[in-house]
Amino acid sequence: MLERVHAATDALVSAGKLPAGLDKSRIVVEPPKDASHGDMATNVAMVLAKPANARPRELAEAVAEKLRSDPLIAKVEIAGPGFINLVLKPAAWADALHAAVVAGANYGKSAMGAHKKINVEYVSANPTGPMHIGHCRGAVFGDALANLLIFAGYDVTREYYINDAGAQVDVLARSAFLRYREALGENIGPMPEGLYPGDYLQECGAELASDYGQALKEMQEAEWLPIVRERAINMMIAEIRNDLMALNVVHDLFFSERSLIEGEPEEVVFTGGATAEVIVVAPKPPPPDLVAEAIAKLRAQGVVYEGRLPPPKGAPVEDYEDREQTLFRSTDFGDDVDRPLMKSDGSYTYFASDIAYHKSKIDRGFATMIDVWGADHGGYVKRMQAAVKAVSDGKAELDVKLVQLVRLLRNGEPIKMSKRAGELILSRDVVAEVGRDAVRFMMLYRKNDALLDFDLAKVIEQSRDNAVFYVQYGHARGQSIFRNGLEVLPDLPADPEGRAAVLAKANLALLDDPAELALIRRIAQFPRLIEAAAEAHEPHRIAFYLYELASEFHGQYSLGTKSPHLRFIIQNDPKMTAARLAMVQGVVGVLAAGLALLGVSAPEEMR
RNA sequence: GACCCCGUAGCUCAGCUGGAUAGAGCAACGGUUUUCUAAACCGUCGGUCGCAGGUUCGAGUCCUGCCGGGGUCGCCA
């Protein structure tokens, strides 16, 4: 439709009624919020009025005149300040539905991405324990976003960054070492302050005990620590991968932070749903220090210097010590203060290796990167974007999606967790209780930057109040209609492709009831929705759209109760039945496609 | 003190990147079933879009300043 409006304005330009060279980018043609305003509306006259030095309504009349001759347009009206409302002929909706049915699972796929490479990094939970519910939200969000971007035509790489180089993995190793001594029969008492108290390291300790016996105890810490650390990290990553698999969250690549510095890949190869190889970033020997390289590059650009920082505001830092340090001039890029790259003991800060990591992404050809982080990392966004800008010479772009906290409830009552005992609520426990579909859908049924209340009791309720159930029921109901439709159309194939091929041949012009046309209109919005959601990096829009589509479908179904002639299956009228089932096919196809993007199953029946 | 996010119906939230009379669900009240799944549907009630300015044909949406809630603030992860 947009092309038709453009054509109409072009015609006015060549007729000399409009000046040439107008900016047409702000012209939109879309379904109006209020259906009584027609099927489509355009703001063309209001957008062009000022630059063309014309009155909006007069200009609208001129454009409307051109559009009236279009064979698919039934009515053109001018309303309000200069909107042009279009009512399409039923044939236009028949065309739209036909396209949806024919395209099947490909309906809504877009070429807007043009195979542009995008890197989406999500989860990246530290390998120091199993995934908790906060990680879970980021995992589901990132996974669905990646699905969406692929559907929109981008070349997406899904990535997990393993923080296996910092102090916290040494803490992990010391904790595991205690569990090892415990496994050897020692009474270790309560876990000392600062170590990981969770009991998930007991298995690690037991393995170490059976593999090494007393040997590790005989060593100095410098000797046993790397051994224990590697074992513990590998086991924790295996844990996390299991948690990801339970959620059906996949990655293409697990990127080791340690490999940036040491050039050594972690020797972990996994198979299964969350499978991916760990990247080898450097040839060996000699292992180049990619962090040092990144810093050197920035230093050459003059954005790294030695200097002092003012003491931190807010909560007092106990061991603060004023000293000269290596700083990145992030203030040049809009950050509040410059940021340190080296710790006082001479090792790199996380920020330093994060710069090297993002440089690696840039070097691997990604000009667009999306990071999914927890909201507590919000203060980190500006400096990271600053670093990306600097290290890519302004060519690469980083979008950070902050995922807000999840508050778990049961029947409206917050579930309390005791951090003291190391008892965070685990992702796997929630999945086990309410199922993967409910977790995934509810995590996506909210904007990423809004707090999320997740009620364990409500998500397994079977009612309209439960969006997951409601949308899935829509899909199942459609399948049920196909099964019953066999009475009138005995030759209807059961497989989706075959069925769609048959139904596509139906005479769709028979669908002329206003409610039916409204439902088809909703189906026809799907491709545009995909593009808008992909553009904004907002998968939650799909979830909301599916809920609306399911709602209209349930409504349409119920109309048949009062008005039998509107039922999907009409005895003795195979032609009308075929047309109606084509409409159901359109709904079911979009529901299935949308649920697939969210990673939620589309059941055949609900019983 | 600075920065980031949030503030829309009694509650939980959408609002398609600036469009027309701001929408759903829940809650409350009323109705619909000899029916293709009532696990559903329809209706009624409910609003100073936190407040005040500004930008323009037009603001819940963009800008500025306040108010309220949350988060973060050198080497933590």
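Sequence lines set the chain letters: A, B, ... in the order given, protein chains first and strands last, and positions in each chain run from 1. Heavy atoms only: backbone and side chains are in, while hydrogens, waters and symmetry mates are out.
Residue-level contact check: A:G166 touches neither bases nor backbone, having no heavy atom under 4.0 Å from any strand. Within the nucleic acid shown, A:F351 has no heavy atom closer than 4.0 Å to any nucleic acid atom. If you check every strand for non-hydrogen atoms under 4.0 Å, A:R567 touches a base. At the heavy-atom level, A:P56 lies nowhere under 4.0 Å from the strands shown. Within the 4.0 angstrom heavy-atom criterion, no nucleotide atom of any strand lies near A:L529. Counting any heavy atom pair closer than 4.0 Å across all strands shown, A:A41 reaches a base atom. Counting any heavy atom pair closer than 4.0 Å across all strands shown, A:Y445 reaches no nucleic acid atom. Among the protein residues, A:A79 comes within range of the nucleic acid bases, having at least one heavy atom under 4.0 Å from a base atom. Within 4.0 Å of A:A536, counting heavy atoms only, lies at least one base atom of the nucleic acid. Note on A:E321: a base of the nucleic acid sits closer than 4.0 angstrom, heavy atoms only. Looking at heavy-atom distances under 4.0 Å, A:T349 makes contact with sugar-phosphate atoms alone, never a base.
Residue A:N43 places no side-chain N or O under 4.0 Å from the OP1 or OP2 atom of B:G18. Applying the 4.0 Å criterion to OP1 and OP2 of B:U37, one finds that A:R483 has every side-chain N and O outside that range. For B:U17, the OP1/OP2 oxygens have a side-chain nitrogen or oxygen of A:R528 closer than 4.0 Å. Side-chain N/O atoms of A:H540 include one lying less than 4.0 angstrom from OP1 or OP2 on B:G15. OP1 or OP2 of B:A38 has at least one side-chain nitrogen or oxygen of A:Y557 nearer than 4.0 Å. Note on A:K447: every side-chain N or O is 4.0 Å or more away from OP1 and OP2 of B:C6.
Taking the ring centre of A:F454 as origin, the terminal cationic atom of A:R407 falls outside the region bounded by 6.0 Å and 45° from the ring axis. Cation-pi geometry between A:R499 and A:F482 is met: the NZ or CZ atom falls under 6.0 Å from the ring centre, inside 45° of the normal.
Of the candidates B:C13, B:C41, B:G74, B:C13 carries the atom nearest the A:D453 side chain, counting heavy atoms from C-beta on. Nearest to the side chain of A:A532, among B:G19, B:C16, B:C41, sits B:C16. With B:U32, B:A77, B:G74 as the choices, the nucleotide that has an atom nearest any side-chain atom of A:Y350 turns out to be B:A77. With B:A77, B:G15, B:A40 as the choices, the nucleotide that has an atom nearest any side-chain atom of A:E538 turns out to be B:G15. Listed candidates were B:A77, B:G74, B:U37. Nearest to the side chain of A:S480 is B:U37. The side chain of A:H377 lies closest to B:A77 when the candidates are B:A77, B:C36, B:G74. Set against B:C3, B:C6, B:C36, the side chain of A:K382 has B:C3 as its closest nucleotide. Distance from the side chain of A:A476 is smallest for B:U37 among the nucleotides B:U37, B:A14, B:G25. Candidate nucleotides B:C6, B:G74, B:A38 were compared by shortest atom distance to the side chain of A:D449, and B:C6 ranks first.
Atom CD in A:Q556 sits about 16 Å away from atom P in B:U37, given to the nearest Å. Between A:R541 atom CZ and B:G15 atom C1' the separation is 10 Å, expressed in whole Å.
Glycosidic conformation of B:U17 is syn; the angle stays within 90° of 0.
Note: A:Y545 and A:F526 meet the aromatic proximity criterion, with ring centroids under 6.0 Å apart. Centroid-to-centroid, the aromatic rings of A:F553 and A:F568 come within less than 6.0 Å. Taking the centre of each ring, A:H540 and A:F141 stay at or above the 6.0 Å mark.
Remark: ring of A:F83 overlaps the six-membered base ring of B:A20 in a stacked fashion, centroids less than 5.5 Å apart, planes less than 30° apart.
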ask   = Stepwise, does the side chain to side chain donor-acceptor pair (under 3.5 Å) test hold for A:D371 with A:Y161?
value = CA-CA 10 Å; A:D371 287 5; A:Y161 182 52; over 6 Å; no
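Of the two residues contacting RNA chain B, namely A:F544 and A:M342, the nearest-nucleotide position lying further toward the 5' end is that of A:F544. Mapping A:M46 and A:S558 onto RNA chain B via the closest heavy atom, the residue that lands nearer the 5' end is A:M46.
Here the separation of B:C11 from B:A28, taken at their C1' atoms, is 12 Å to the nearest Å. Going from the P atom of B:U56 to that of B:U61 covers 16 Å, rounded to whole Å. Distance check on atom P: B:G25 versus B:G19 gives 23 Å, rounded to whole Å. Of the C1' atoms belonging to B:A20 and B:A59, the separation is 13 Å, rounded to the nearest Å.
Judged by distance alone, the side chain of A:Y160 and the main-chain N or O of A:A125 form a donor-acceptor pair under 3.5 Å. Put simply, the side chain of A:N126 never gets that close to the backbone of A:T128: no donor and acceptor are under 3.5 Å apart.
Counting atom types as modelled, A:N85 pairs a side-chain N or O with a base atom of B:A20 as donor and acceptor under 3.5 Å.
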